[in-house]
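To start, the structure itself, in structure tokens.
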Amino acid sequence: IEKSLEEAFEEKIAKEIRIEPKDWMPEQYRKTLVRQISQHAHSEIVGMLPEGNWITRAPSLKRKAILLSKVQDEAGHGLYLYSAAETLGTSRDQMIADLHSGKAKYSSIFNYPTLSWADIGAIGWLVDGAAIMNQVPLIRTSYGPYARAMVRVCKEESFHQRQGFEIMMSLCNGAPAQKKMAQEAFNRWWWPTLMMFGPKDAESPNTEQSMRWKIKRFTNDELRQRFVDMMVPQAEFLGLTVPDKDLKWNEAKNGYDFGDVDWEEFWNVVKGNGPCNKDRINTRVKAYEEGAWVREAALAHAQKRAAREAA
Ligand code: ACO
């Protein structure tokens, strides 16, 4: 029976038929999805922190309102993704416990500090730009609930990216000091953004199998290359200099050659030793603990109502 189930699964993958929660799936497929989707959810939630840091300091009421709603969108994405992961048989409590204990990973990018207002522009433009590059193909990922969640997430991310680009445009068209702020933020965020795509294909343990199962549609290096090719003209349009002395157009491959990411820095951040890792986790744990009374009150209220309805 196991064999015919596996054949049916493989056939669906080959025919581009989505795998749904109640379908049979190999244990390793389930595990890979729980890993990737929960990491993705955690990234959205932790990703609220660097930007949340600027809500009270955004330079105008309009900027505050936009940033506030963007950060709320990220919360929505996180909840959406936790729900998608739950369809695979894991619980939200377990996933959150794993984040708080340091067992679960989340994107390295959110462990860097936001030092100036220009960082908010750079995050929207670069980080959300990278997120879109990575997530639009996930609309075609083989697991149904994850693919469907990505549709809405990507629409909102596109808006986020444009708001980031627009902040960068304002700064780049502003006073020399503003232009300088934009360039400095670009310098800070460029390399960490390239790290978002993950290790090189040759050093990525999960890519091969995930490509075969059509969980991933492109490899880490393919997406990183596409991202560079998309961003360089945008940087030129803004009048910013890409902080990479090895960046060079390569006519033959119809794309840019670019320098190597500092992989030591990448793994250091992934292992929990980046500039803000500890702060990010402590903030999440504190928020969770301080929110205990809300969870208890909501539960007590629900129980009271259920008891009243039963009576
Ligand atoms: N930050 C932290 N950890 C990372 C990163 C990163 N930028 N890139 C890779 N890793 C981890 C992987 O999770 C994996 O860890 P694990 O095996 O212990 O779980 C390990 O490094 C090796 O990497 P890969 O084999 O390449 O892992 P994978 O095939 O999962 O590819 C990728 C990584 C591209 C991030 C993939 O998981 C993915 O596409 N995820 C969905 C998108 C996502 O999570 N985006 C989050 C940032 S965008 C945002 O939230 C706004």
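Numbers here simply count residues along the sequence, with the first being 1. Remember, it's a predicted structure, so these values are computed and weren't measured experimentally. Both ligands and their constituent atoms are indexed starting at 1 by order of listing.
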Answer with side chain, backbone, both or neither: which part of Met195 has a heavy atom less than 4.0 angstrom from an atom of ligand 1?
backbone
Honestly, for Leu223 the part within reach of ligand 1 (heavy atoms, under 4.0 Å) is neither
Ligand 1 contacted by Ser210 (non-hydrogen, < 4.0 Å)
no
Could you list the atoms of ligand 1 found under 4.0 angstrom from a heavy atom of Ser108?
1 (N), 2 (C), 6 (C), 7 (N)
Within a distance under 4.0 Å of any heavy atom of Asn134, pick out the atoms of ligand 1 and give their elements.
34 (C), 38 (C), 39 (O), 41 (C), 42 (C)
4.0 Å heavy-atom contact, Gly47 with ligand 1
no
Roughly how far apart are Asn187 CG and Asp244 CG, rounded to 0.5 Å?
11.0 Å
Answer side chain, backbone, both or neither: which part of Ile109 comes under 4.0 Å from ligand 1, heavy atoms only.
neither
More than 12 heavy atoms of other groups within 6.0 Å of Glu264 CD:
no
So, does Lys216 use its side chain to make a donor-acceptor pair with the main chain of Ser210 at under 3.5 Å?
no
Looking at Arg295, I'd like to know if its CZ atom is crowded, meaning that more than 12 non-hydrogen atoms belonging to other residues, nucleotides or ligands lie closer than 6.0 Å.
yes
Taking both backbone and side-chain atoms of Trp267, is any N or O found less than 3.5 Å from an N or O belonging to ligand 1?
no
Proximity of Tyr146 to ligand 1 by residue part, where a heavy atom lies under 4.0 Å:
side chain
Side chain, backbone, both or neither: which applies to Val270 and ligand 1 if a contact is any heavy-atom pair less than 4.0 Å apart?
side chain
Side-chain (Asn277) to main-chain (Gly274) donor-acceptor, under 3.5 angstrom
yes
Is the closest N or O pair between Gln39 and ligand 1 shorter than 3.5 Å?
yes
Starting from atom 31 (O) of ligand 1, which protein heavy atom do you reach first, and at what distance in Å?
Lys216 NZ, 2.9 Å
Hey, is the main chain of Met169 close enough, under 3.5 Å, to the side chain of Asn173 for a donor-acceptor pair?
yes
When rounded to the nearest 0.5 Å, the distance separating CD of Gln234 from CD of Gln161 is 5.5 Å
Please work out which of Asn206, Asn220, Val269 has its closest non-hydrogen atom nearest to atom 25 (O) of ligand 1.
Asn206
Strictly below 4.0 Å, N to O, side chains only: are Asp73 and Lys70 in salt-bridge contact?
no
Donor-acceptor side-chain pairing of Thr114 and Arg57 below 3.5 angstrom:
no
Is there a donor-acceptor pair under 3.5 Å between the side chain of Ser43 and the backbone N or O of Ser107?
yes
Taking 4.0 angstrom as the limit and counting only heavy atoms of Ala131, give me the atoms of ligand 1 inside it, by number and element.
48 (S), 51 (C)
Answer with side chain, backbone, both or neither: which part of Phe266 has a heavy atom less than 4.0 angstrom from an atom of ligand 1?
side chain
Per-atom contact, atom 38 (C) of ligand 1, protein heavy atoms, under 4.0 angstrom
yes
If we number the atoms of ligand 1 from 1 as shown, the ones under 4.0 Å from a heavy atom of Phe197 are 34 (C)
Can you tell me if Asp229 and Gln225 form a side-chain donor-acceptor pair at under 3.5 Å?
yes
Quick test of your reading of the model: are Lys286 and Glu289 salt-bridged, counting only N-O distances below 4.0 Å?
no
Among non-hydrogen protein atoms, atom 47 (C) of ligand 1 lies closest to Ser107 CB, 3.6 Å
Looking at Tyr106, which atoms of ligand 1 are within less than 4.0 Å of one of its heavy atoms?
1 (N), 2 (C)
What do we get for Gln135 next to ligand 1 when only non-hydrogen atoms under 4.0 Å count, side chain, backbone, both or neither?
side chain
Salt-bridge test for Glu20 and Lys12: reply yes if a basic N is under 4.0 Å from a carboxylate O, no otherwise.
no
Axial cation check for Tyr146 ring with Arg18, 6.0 Å and 45° limits
no
Which heavy atom of the protein is the closest neighbour of atom 35 (C) of ligand 1, given with residue, atom name and distance?
Met196 O, 4.1 Å
With a 4.0 Å cut-off, would you call Glu16 and Arg140 a salt bridge?
no
For atom 24 (P) of ligand 1, what's the nearest protein heavy atom and its distance?
Ser204 OG, 3.3 Å
Considering distance alone, does some N or O of Ser43 sit under 3.5 Å from an N or O of ligand 1?
no
Before signing off on this row, confirm whether Lys105 and ligand 1 have an N or O atom pair separated by under 3.5 Å.
yes
What protein heavy atom sits nearest atom 22 (C) of ligand 1, and how far off is it?
Pro205 CD, 3.7 Å
Using a 4.0 Å cut-off to any heavy atom of Gly198, which atoms of ligand 1 qualify?
8 (N), 9 (C)
